[in-house]
Number of protein chains: 2
Amino acid sequence: MDEETDGIPQNRPAARDVDATDRKILGVLVDDATISYAELGDRVGLSPPAAHERVKRLRRSGAIRNTAAIIDPKAVRKPLLAFVHIDTKGWGKTPELMAISEHPEVEEIHSVAGDTCMLIKVRTEDTRALEGLLSRLYETPGVTSTRSYVVLSTYLERPVQPGITTEWPTPRHMAKPLY
Amino acid sequence: MDEETDGIPQNRPAARDVDATDRKILGVLVDDATISYAELGDRVGLSPPAAHERVKRLRRSGAIRNTAAIIDPKAVRKPLLAFVHIDTKGWGKTPELMAISEHPEVEEIHSVAGDTCMLIKVRTEDTRALEGLLSRLYETPGVTSTRSYVVLSTYLERPVQPGITTEWPTPRHMAKPLY
DNA sequence: ATTGATGCAGAATTCAATTCGGCCATTATC
DNA sequence: GATAATGGCCGAATTGAATTCTGCATCAAT
């Protein structure tokens with residue numbers, strides 16, 4: 001695939017225009033990426049090679065980051081999901097981020113706006129393992145406190161939805177998005 | 001694939017023993033599910049048909065829930081990520097969950113232990129869209145208040161890690177996990 | 001009007017997924 | 001303890017899809 005300067009993902013070059021057909025393709029592939037290009041072409045109204053070309057382009061442009069197996073956490077004995085607020089003095093320092101991302105239990109690391117804290121998502125085998133992980137996190141330099149939210153049950157978990165509208169219904173009088 | 005009684009996922013039948021080889025396979029497929037069975041077999045020390053059999057079994061048992069394209073949120077114009085605490089009177093009622101999951105911006109819905117609240121993950125085009133979504137959520141029956149955490153930047157986002165140890169290093173004197 | 005580029009379809013080729021038969025090891029059964 | 005039965009693997013063979021190639025139509029720019 002592409003090269004990363006570091007462990008932390010860089011911004012992609014451009015991410016060209018994603019038109020209505022591309023969105024349809026994404027919508028299908030998010031649901032099931034094991035289908036043939038013939039099947040994909042049928043569903044979006046293209047010939048197999050044309051569908052193939054589109055998908056190759058979406059991959060190259062980075063719109064499709066990856067094609068991955070989605071695993072049942074229970075099957076690999078990681079049934080316990082928790083979100084953890086980590087208060088830090090001075091957020092976003094790379095060494096601390098690296099230290100946190102070392103733990104394989106950590107699935108996501110986000111910086112929260114307007115607050116000197118990180119919100120991370122962790123998955124462990126049980127509460128004892130979570131406790132151990134939390135104490136190890138607390139030992140990371142810069143971490144001043146943690147507050148964890150254990151998930152009792154999950155009702156919905158789905159990937160990013162590409163949307164199926166032709167173009168985005170954002171009124172023209174609106175300012176550009178944050179990013 | 002399998003049948004769901006409802007929009008809400010059911011518990012799988014069994015999820016058989018996942019041995020060390022299975023974990024290796026999962027580890028590879030989480031990284032990249034587009035490789036050939038020959039390649040997969042090479043990496044885990046199996047012939048192509050054997051690797052194929054394993055994967056089929058992992059799919060049937062539900063350990064591999066899905067094989068999906070992972071989309072770059074920016075490419076589909078959903079760069080704004082936020083977590084929202086939703087306080088509810090009486091959590092987990094199905095109609096409310098359904099109402100919340102109707103919104104395509106909602107990616108995850110979790111019930112938090114020890115609190116009458118839900119933690120949901122949403123992705124929108126910009127802050128205005130987020131504001132609109134929040135007000136629509138607030139109109140859902142049972143919702144008493146919301147508190148949102150807008151993500152400034154994301155440093156890590158990865159799928160469930162299957163782990164690569166032969167068996168789990170949980171000491172035998174420990175009690176069984178919660179779930 | 002002409003040229004160039006882009007995206008598509010259809011046919012042809014290459015390569016991988018899938019099936020099949022037989023072997024070996026482990027486990028259950030008598 | 002001997003034997004059947006099961007499960008998992010390999011190697012070869014077959015089927016089927018991915019990929020390449022060629023030509024055509026459309027649109028944009030010159």
Side-chain angles (χ1 to χ4, degrees), chain A residues 1-2 12-72 75-76 162 164-167, chain B residues 1-2 12-72 75-76 162 164-167:
Chain A
M1 296 279 164
D2 290 32
R12 295 280 171 178
R16 296 287 171 198
D17 59 314
V18 171
D19 66 9
T21 305
D22 288 330
R23 282 178 188 279
K24 277 198 237 171
I25 288 175
L26 293 174
V28 171
L29 292 186
V30 159
D31 232 39
D32 183 0
T34 65
I35 62 173
S36 66
Y37 287 109
E39 171 81 21
L40 176 62
D42 266 354
R43 296 210 202 157
V44 303
L46 287 178
S47 69
H52 185 224
E53 273 301 322
R54 290 265 190 172
V55 172
K56 266 200 296 186
R57 184 148 47 91
L58 288 169
R59 282 189 212 280
R60 270 201 313 268
S61 74
I64 296 179
R65 282 179 172 167
N66 194 5
T67 299
I70 311 295
I71 303 179
D72 181 2
V76 293
I164 40 171
T165 51
T166 308
E167 255 321 301
Chain B
M1 295 281 161
D2 291 31
R12 295 278 171 180
R16 294 289 170 196
D17 60 312
V18 170
D19 67 9
T21 305
D22 288 331
R23 282 177 187 279
K24 277 198 234 172
I25 289 175
L26 293 175
V28 172
L29 292 186
V30 159
D31 230 41
D32 184 0
T34 65
I35 62 174
S36 67
Y37 287 109
E39 171 80 21
L40 176 62
D42 266 355
R43 295 210 202 160
V44 303
L46 286 178
S47 70
H52 185 222
E53 272 302 320
R54 291 264 189 171
V55 172
K56 265 200 298 187
R57 185 150 44 91
L58 288 169
R59 280 189 212 279
R60 270 201 312 268
S61 74
I64 296 178
R65 282 178 172 168
N66 194 5
T67 299
I70 311 294
I71 303 180
D72 180 2
V76 293
I164 41 172
T165 50
T166 309
E167 258 318 303

CG of A/L58 versus C1' of C/dG7: gap in Å, rounded?
14 Å
Please determine, for the side chain of A/Y37, which listed nucleotide (D/dC10, D/dA18, D/dG8) has the closest atom?
D/dA18
Nearest-Å distance, CG (A/L29) to P (D/dA18)?
11 Å
Give a yes or no on whether the backbone of A/I64 and the side-chain of A/R59 come within a donor-acceptor separation of less than 3.5 Å.
no
Rounded distance (Å) that lies between atom C1' of C/dT18 and atom CG of B/L40
15 Å
Between B/S47 and D/dC10, is there a contact of a side-chain N or O with OP1 or OP2 at under 4.0 Å?
yes
Whole-Å distance separating the CG atom of A/D42 from the P atom of C/dA9:
11 Å
Side-chain N or O of A/K56 less than 4.0 angstrom from OP1 or OP2 on D/dT20?
yes
Okay, side chain of A/D32, backbone of B/N66: is any donor-acceptor separation there less than 3.5 Å?
no
Side-chain N or O of B/H52 less than 4.0 angstrom from OP1 or OP2 on C/dA17?
no
Stepwise salt bridge (charged side-chain N to carboxylate O under 4.0 Å, His left out) check, B/E53 with B/R57:
CA-CA 6 Å; B/E53 272 302 320; B/R57 185 150 44 91; over 6 Å; no
From C-beta outward on B/P49, which listed nucleotide comes closest to its side chain: C/dA9, D/dC9, D/dA12?
D/dA12
Could you tell me how far apart A/D19 (CG) and C/dT6 (P) are, to the nearest whole angstrom?
15 Å
So does B/R57 get a side-chain nitrogen or oxygen closer than 4.0 Å to the phosphate oxygens (OP1/OP2) of D/dG7?
no
For the pair made of CD1 in A/I35 and C1' in D/dA17, what is the distance, rounded to whole Å?
13 Å
Rounded distance in Å - CD (A/E53) to P (D/dT19)
11 Å
Spacing of B/L46 atom CG relative to C/dA17 atom P, expressed in whole Å
15 Å
Where the side chain of B/S36 is concerned, which of D/dC9, D/dA18, C/dA17 is the nearest nucleotide?
C/dA17
Between A/D19 and A/T21, is there a donor-acceptor pair closer than 3.5 Å when you use the side chain of the first and the backbone of the second?
yes
